[in-house]
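Chain letters run A, B, ... following the sequence lines, proteins first, then strands; residues in each count from 1. Computed from a prediction, not measured in an experiment: that's the story for all the values here.
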There are 2 protein chains.
Amino acid sequence: MAAVDLTTHPGHLARRLQQAHYLLWNTMVSEEITSPQFAVLNALVAEPGLDQRTVGERVGLDRSTIAEVISRLGRRGLLDKVRDPQDGRRFLLRLTDDGLRTHKKLTVRTARMNQVFLAPLSAEEQTLFFDLIRRVADAAEGLRNPAEPLVTQS
Amino acid sequence: MAAVDLTTHPGHLARRLQQAHYLLWNTMVSEEITSPQFAVLNALVAEPGLDQRTVGERVGLDRSTIAEVISRLGRRGLLDKVRDPQDGRRFLLRLTDDGLRTHKKLTVRTARMNQVFLAPLSAEEQTLFFDLIRRVADAAEGLRNPAEPLVTQS
DNA sequence: TCCAATTACTCAGGGCACTGAGTATTTCAG
DNA sequence: CTGAAATACTCAGTGCCCTGAGTAATTGGA
């Protein structure tokens with residue numbers, strides 16, 4: 001009987017939080033466009049003409065996942081993908097008019113959903129919520145990329 | 001230029017938090033057993049002989065996902081699955097000796113990982129972290145299951 | 001100049017997560 | 001006692017997420 005209490009395990013809580021979010025997104029925002037897909041649209045609204053890898057970096061998706069997400073958005077006609085004439089390895093990404101319209105529509109709904117999602121917390125608690133999660137996530141990410149040792153001594 | 005700041009979107013943060021956790025789990029706990037798989041082992045340590053659906057309920061996994069996870073654990077020989085003689089629809093689940101040993105080993109490593117993961121936060125902040133996430137997740141879950149209206153008036 | 005490293009992307013493979021539809025078993029109302 | 005509803009599980013389909021290995025293009029140093 002050495003069972004552990006999962007409610008004190010951050011990983012378990014993170015998973016449950018994401019599931020809860022997934023559920024709410026599906027009912028309040030869109031059944032077609034997912035949250036990661038919206039993140040990609042958003043990145044391309046901010047910086048049109050980015051390449052695939054950089055978009056992935058902006059929204060936190062690895063090379064394989066971003067390829068899949070972009071392929072889906074392309075199939076739906078929300079973005080265009082053209083070879084960079086300057087660098088034949090890259091694809092430059094740009095939203096279509098439909099993509100822009102979709103982003104605009106979902107931006108409104110997403111804001112509403114975030115309000116509902118965070119409703120159990122007061123304004124100060126919401127700030128804290130963001131801050132705590134961001135600090136934990138950033139720190140763990142930093143463990144992977146050991147902040148490049150600028151100059152190797154000697 | 002109506003791009004949005006994703007760092008104030010709880011869904012985006014939740015995803016990043018989970019990715020960070022996934023990374024740390026892989027390096028500090030196990031490359032074989034995943035966090036959801038550990039959750040299932042843990043549930044069966046606490047309550048041996050549970051059926052599949054109930055285990056899913058305990059750890060927060062839907063019927064399809066829990067079936068896959070259990071099938072993997074079965075293939076690895078960490079649990080046994082037998083028809084309930086009392087109810088031919090159910091499978092009763094029980095850890096093997098190997099399953100118990102694995103759970104014990106991972107429990108230690110998981111505790112270490114949680115410490116590292118939460119190291120950026122003070123003790124009070126950690127408590128707050130759990131509390132805030134749990135409240136948000138619980139509330140969103142409650143929206144799905146509308147808390148069964150005990151007695152339908154008239 | 002040329003070839004070895006780097007870089008952008010693809011592909012295969014494993015795992016998590018959900019929905020909708022289908023099968024078998026049990027339960028329960030008439 | 002029987003047939004409709006509920007329940008446990010399976011299966012197919014979609015999408016996210018990661019790693020390791022492979023291909024094509026570019027870059028940079030000898």
Report task. Output all residues satisfying side chain to side chain donor-acceptor pair (under 3.5 Å) with B:Thr65, sequence neighbours left out; order by chain, then residue number. Result -> B:Asp62
Report summary line: Note: contacts of residues 28-36 of chain B with DNA chain C (heavy atom, under 4.0 Å) are B:Thr34, B:Pro36
Report summary line: Its contact letters, B for base, S for sugar-phosphate only and - for none at protein heavy atoms under 4.0 Å, make nucleotides 5-14 of chain C read -BBSSBBB--
Query - Sub-4.5 Å side-chain heavy-atom contact between A:Phe130 and A:Leu118 - result: yes
Query raised in the report: Looking at residues at least two apart in the chain, or sitting in another chain, which of them share a side chain to side chain donor-acceptor pair (under 3.5 Å) with A:Thr54?
Result: A:Asp51
Query raised in the report: When hydrophobic residues are tied together by side-chain contacts of less than 4.5 Å, even through go-betweens, does A:Leu23 share a cluster with A:Val29?
Result: no
Query raised in the report: Taking C-beta and beyond as the side chain, do B:Arg53 and B:Ile66 meet within less than 4.5 Å on heavy atoms?
Result: no
**Report entry** Non-hydrogen side-chain atoms of A:Leu44 and A:Arg94 separated by less than 4.5 Å
**Finding:** no
Report summary line: Walking DNA chain D from its 5' end, the first of A:Pro85 and A:Thr65 to be reached, judged by nearest nucleotide, is A:Thr65
Report task. Could you list the residues that satisfy side chain to side chain donor-acceptor pair (under 3.5 Å) with B:Thr7, not counting sequence neighbours? Result -> B:Asp5
Query - Under 4.0 angstrom between B:Gln19 side-chain N/O and D:dC18 OP1 or OP2 - result: yes
Report task. Please list, chain by chain and in numerical order, all residues satisfying side chain to side chain donor-acceptor pair (under 3.5 Å) with B:Asp87, sequence neighbours excluded. Result -> B:Arg89, B:Arg90
